[in-house]
Amino acid sequence: MKRLLKNATLLATMDDARRELSGGFVLIDGPGIVAVGTKNEPLPEADEVIDLAGHVVLPGLVNTHHHMVQSLTRATPAGQDAELFGWLKAHYPIWANLTPEMIHVSAKTAMSELVLSGCTTSSDHLYIYPNGARLEEAIEAAREVGIRFHAARGAMSVGESKGGLPPDRVVEEEPAILKEMQRLVETWHDPKRFAMLRIVIAPCSPFTVSEDLMRESAKLARAYGVSMHTHLAENDNDIAYSLEMFGKEPVDYAESLGWLGPDVWHAHCVKLDNRAIRIFADTGTGVAHCPCSNMRLASGIAPVRGMRDAGVPVGLGVDGSASADAGHLLAEARQCMLLQRVGFGPAAMGAREALEIATRGGARVLGRDDIGQIAPGMAADIVAFDIRGLDFAGAQADPLAALVFCTPPKVSWSLINGRVVVREGMLTTLDLPMQVERHNRLAAELMTKSLG
């Protein structure tokens, strides 16, 4: 089926020339983009025509780090005012009571929230698997919602008795972890262009897994040609743990275990120093920047300006919905820009660079060459924001920058792989009121189990 998107107030292609077209059009055939044109060119024929007058059109935003299951524990009283380690210790006992149904339903909620914020591709780092849960709970949720998905098989193997942070009852045995990672890659990973599902190998963090698991999981990932993801250098306590337990700075820890390279991205990296930034740049190692979570947990301001200047691949992540307490990726782009200005001055980042990080940056971090821009031959992942409302009154001089400077809106249209997933502000793939009711019921059940 051919779809024509026309009359966009502004079409920000994020292509190699960074073209911004007034009144531009996009022709989609099936899952891909076949033509991009200006208002002066004749419009091609199509089976469906979508008039986007009054809208700013962008490539779909890319979320490089999330913990979707945490949408069940937003604003939990325990841990509201804690830093990372205290916050985790407050939540581990709650998450120990998760069920497969809870993981599935929470993933659908988180994905719906992302899609309505303009996100079309997301990774999810699921690292806790109690009570028979499997990664398939999230994989099926992605299929139902219609989002492009990088499912990261996380794991925790070092509990408190071995010097780790999580309680022993929520960790797994390492041989079983590696066997499960291999099964998931062999069963679900799709390496082709326009793939809707890819598997990522993702041990959780330095304070929850062993060095052996990090080494062996890297070998496994590279044997199968899949990406690798973990947390690194998130706050001062994280750094102190690495120095005490491994005698290494985080970048040296990662390097010693084979966890640097263009097939690797690390979440947060708030505490990377200049030497570490150079090593990341030289190796092509990516970073998932999570500004809202970093602020919420008082982890600090990640040196994104320095990373970008050095050539480090940087994408955005909303992080867990219990540490950022939201999953609005356009809002994350706004906070990315503002936080860099707080840390490094008013010229540290502009709106267009924040949007580039949210699109092309995220695509590069995830190892994708088929998303992140609107150009012929790319996947038809396209979003449109209506700028005719109250929140954008008086912001018409630069409508693209207004998306970042003004109140972050919800998306009006979203096409993922050529499929209309949001039409005139309404999610087409789920009954949202029923989804929210079910989600809240399960969240209440989880808290009741945790208290009992």
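Quick note: residue numbers are just sequence positions, from 1.
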For residues [X] and [Y], report the shortest heavy-atom separation together with the two atoms involved.
{"X": "Ser123", "Y": "Ala152", "answer": "OG-CB, 4.3 Å"}
{"X": "Cys406", "Y": "Asp391", "answer": "CB-O, 3.7 Å"}
{"X": "Ala281", "Y": "Gly311", "answer": "CB-C, 4.3 Å"}
{"X": "Ala379", "Y": "Ile33", "answer": "O-CD1, 3.6 Å"}
{"X": "Leu232", "Y": "Pro206", "answer": "CD1-CG, 4.3 Å"}
{"X": "Leu27", "Y": "Lys2", "answer": "CD1-CB, 4.5 Å"}

In Å, rounded to the nearest 0.5 Å, how long is the span from [atom1] of [X] to [atom2] of [Y]?
{"X": "Ile357", "Y": "Arg308", "atom1": "CD1", "atom2": "CZ", "result": "4.5 Å"}
{"X": "Lys6", "Y": "Lys39", "atom1": "NZ", "atom2": "NZ", "result": "14.5 Å"}
{"X": "Cys204", "Y": "Leu165", "atom1": "SG", "atom2": "CG", "result": "9.5 Å"}
{"X": "Lys449", "Y": "Thr99", "atom1": "NZ", "atom2": "OG1", "result": "5.5 Å"}
{"X": "Asn7", "Y": "Asp51", "atom1": "CG", "atom2": "CG", "result": "4.5 Å"}
{"X": "Leu197", "Y": "Ile139", "atom1": "CG", "atom2": "CD1", "result": "5.0 Å"}

Do [X] and [Y] come within less than 4.5 Å of each other through their side chains, counting heavy atoms only?
{"X": "Val49", "Y": "Phe25", "value": "no"}
{"X": "Ser227", "Y": "Arg198", "value": "no"}
{"X": "Val115", "Y": "Thr429", "value": "no"}
{"X": "Phe392", "Y": "Pro399", "value": "no"}
{"X": "Leu114", "Y": "Val145", "value": "no"}
{"X": "Pro409", "Y": "Leu330", "value": "yes"}
{"X": "Thr9", "Y": "His55", "value": "no"}
{"X": "Glu83", "Y": "Asp236", "value": "no"}

Any side-chain to backbone donor/acceptor pair from [X] onto [Y]? Under 3.5 Å, distance only.
{"X": "Asp238", "Y": "Ala233", "value": "yes"}
{"X": "His189", "Y": "Ile199", "value": "yes"}
{"X": "Ser71", "Y": "Ser106", "value": "yes"}
{"X": "Asp124", "Y": "Met68", "value": "yes"}
{"X": "Ser22", "Y": "Leu10", "value": "no"}
{"X": "Thr285", "Y": "Leu260", "value": "no"}
{"X": "Glu332", "Y": "Gly327", "value": "no"}
{"X": "Arg368", "Y": "Ala195", "value": "yes"}
{"X": "Arg360", "Y": "Met14", "value": "yes"}

Which label fits Phe85 and Tyr241: parallel for a plane angle under 30°, tilted from 30 to 60°, or perpendicular past 60°?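 Perpendicular: the ring planes of Phe85 and Tyr241 meet at over 60°.
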Parallel, tilted or perpendicular: ring planes of Tyr92 versus Trp95, cut at 30 and 60 degrees: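 Plane angle over 60°, so perpendicular.
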Examine the side chains of [X] and [Y] and answer whether a donor and an acceptor come within less than 3.5 Å of each other.
{"X": "Thr359", "Y": "Gln373", "answer": "no"}
{"X": "Asn63", "Y": "Ser122", "answer": "yes"}
{"X": "His65", "Y": "His67", "answer": "yes"}
{"X": "Ser323", "Y": "Ser293", "answer": "yes"}

Strictly by ring-ring contact (aromatic ring centres under 6.0 Å, His included), give each pair with a member in residues 280-336 just once, sequence neighbours left out.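 Matches after skipping sequence neighbours: His266-Phe280.
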Could you walk me through whether Leu400 and Leu58 pass side-chain contact (heavy atoms from CB on, under 4.5 Å), step by step? CA-CA 9 Å; Leu400 183 59; Leu58 294 170; 3.6 Å; yes
Ion pair present between [X] and [Y], side-chain N to carboxylate O less than 4.0 angstrom?
{"X": "Lys192", "Y": "Asp370", "result": "no"}
{"X": "Arg441", "Y": "Glu445", "result": "no"}
{"X": "Glu249", "Y": "Arg275", "result": "no"}

Stepwise side-chain contact (heavy atoms from CB on, under 4.5 Å) check, Met447 with Thr76: CA-CA 9 Å; Met447 295 305 297; Thr76 304; 4.1 Å; yes
Does any pair with a residue in residues 110-120 pass side-chain hydrogen bond (donor to acceptor under 3.5 Å, both in side chains), and if so which ones, sequence neighbours excluded?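 Matches after skipping sequence neighbours: Arg74-Glu113.
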side-chain contact (heavy atoms from CB on, under 4.5 Å), that's the test. Do Leu84 and Asn237 meet it? Break it down for me. CA-CA 8 Å; Leu84 174 65; Asn237 284 336; over 6 Å; no
Assess the residue pair Arg19 and Val36 against the criterion (side-chain contact (heavy atoms from CB on, under 4.5 Å)); give the C-alpha distance rounded to whole Å, side-chain angles, the decisive distance to 0.1 Å, and a yes or no. CA-CA 10 Å; Arg19 291 188 301 161; Val36 178; 3.9 Å; yes
Does His231 form a ring pair (Phe, Tyr, Trp, His ring centres under 6.0 Å) with His125? I'd like the steps, not just the answer. CA-CA 10 Å; His231 297 82; His125 192 187; 5.1 Å; yes
Walk me through whether Arg296 and Asp325 qualify under salt bridge (charged side-chain N to carboxylate O under 4.0 Å, His left out). CA-CA 9 Å; Arg296 206 273 213 184; Asp325 303 282; 2.8 Å; yes
Does anything in residues 412-430 form a salt bridge (charged side-chain N to carboxylate O under 4.0 Å, His left out)? List the pairs, not counting sequence neighbours.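 Residue pairs passing salt bridge (charged side-chain N to carboxylate O under 4.0 Å, His left out), neighbours aside: Glu48-Arg423.
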Could you list all the salt bridge (charged side-chain N to carboxylate O under 4.0 Å, His left out) pairs where at least one residue sits in residues 141-152, not counting sequence neighbours?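 Salt bridge (charged side-chain N to carboxylate O under 4.0 Å, His left out) check on residues 141-152 returns Lys108-Glu144, Glu140-Arg143, Arg148-Asp381.
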Apply salt bridge (charged side-chain N to carboxylate O under 4.0 Å, His left out) to Asp319 and list each qualifying residue two or more places apart in sequence or on a separate chain.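 Partners of Asp319 under the salt bridge (charged side-chain N to carboxylate O under 4.0 Å, His left out) test: none.
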When you look at CE of Met434, are more than 12 heavy atoms from neighbouring residues, nucleotides or ligands closer to it than 6.0 Å?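 Result for CE/Met434: open.
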Can you list, pair by pair, the side-chain donor-acceptor contacts under 3.5 Å of residues 336-347, counting residues two or more places apart and other chains?
residue, atom, partner, partner atom, Å
Gln340, OE1, Val304, N, 3.4
Gln340, OE1, Arg305, N, 3.0
Gln340, NE2, Ala302, O, 2.9
Arg341, NE, Pro346, O, 3.3
Arg341, NE, Met349, O, 2.9
Arg341, NH2, Met349, O, 3.1

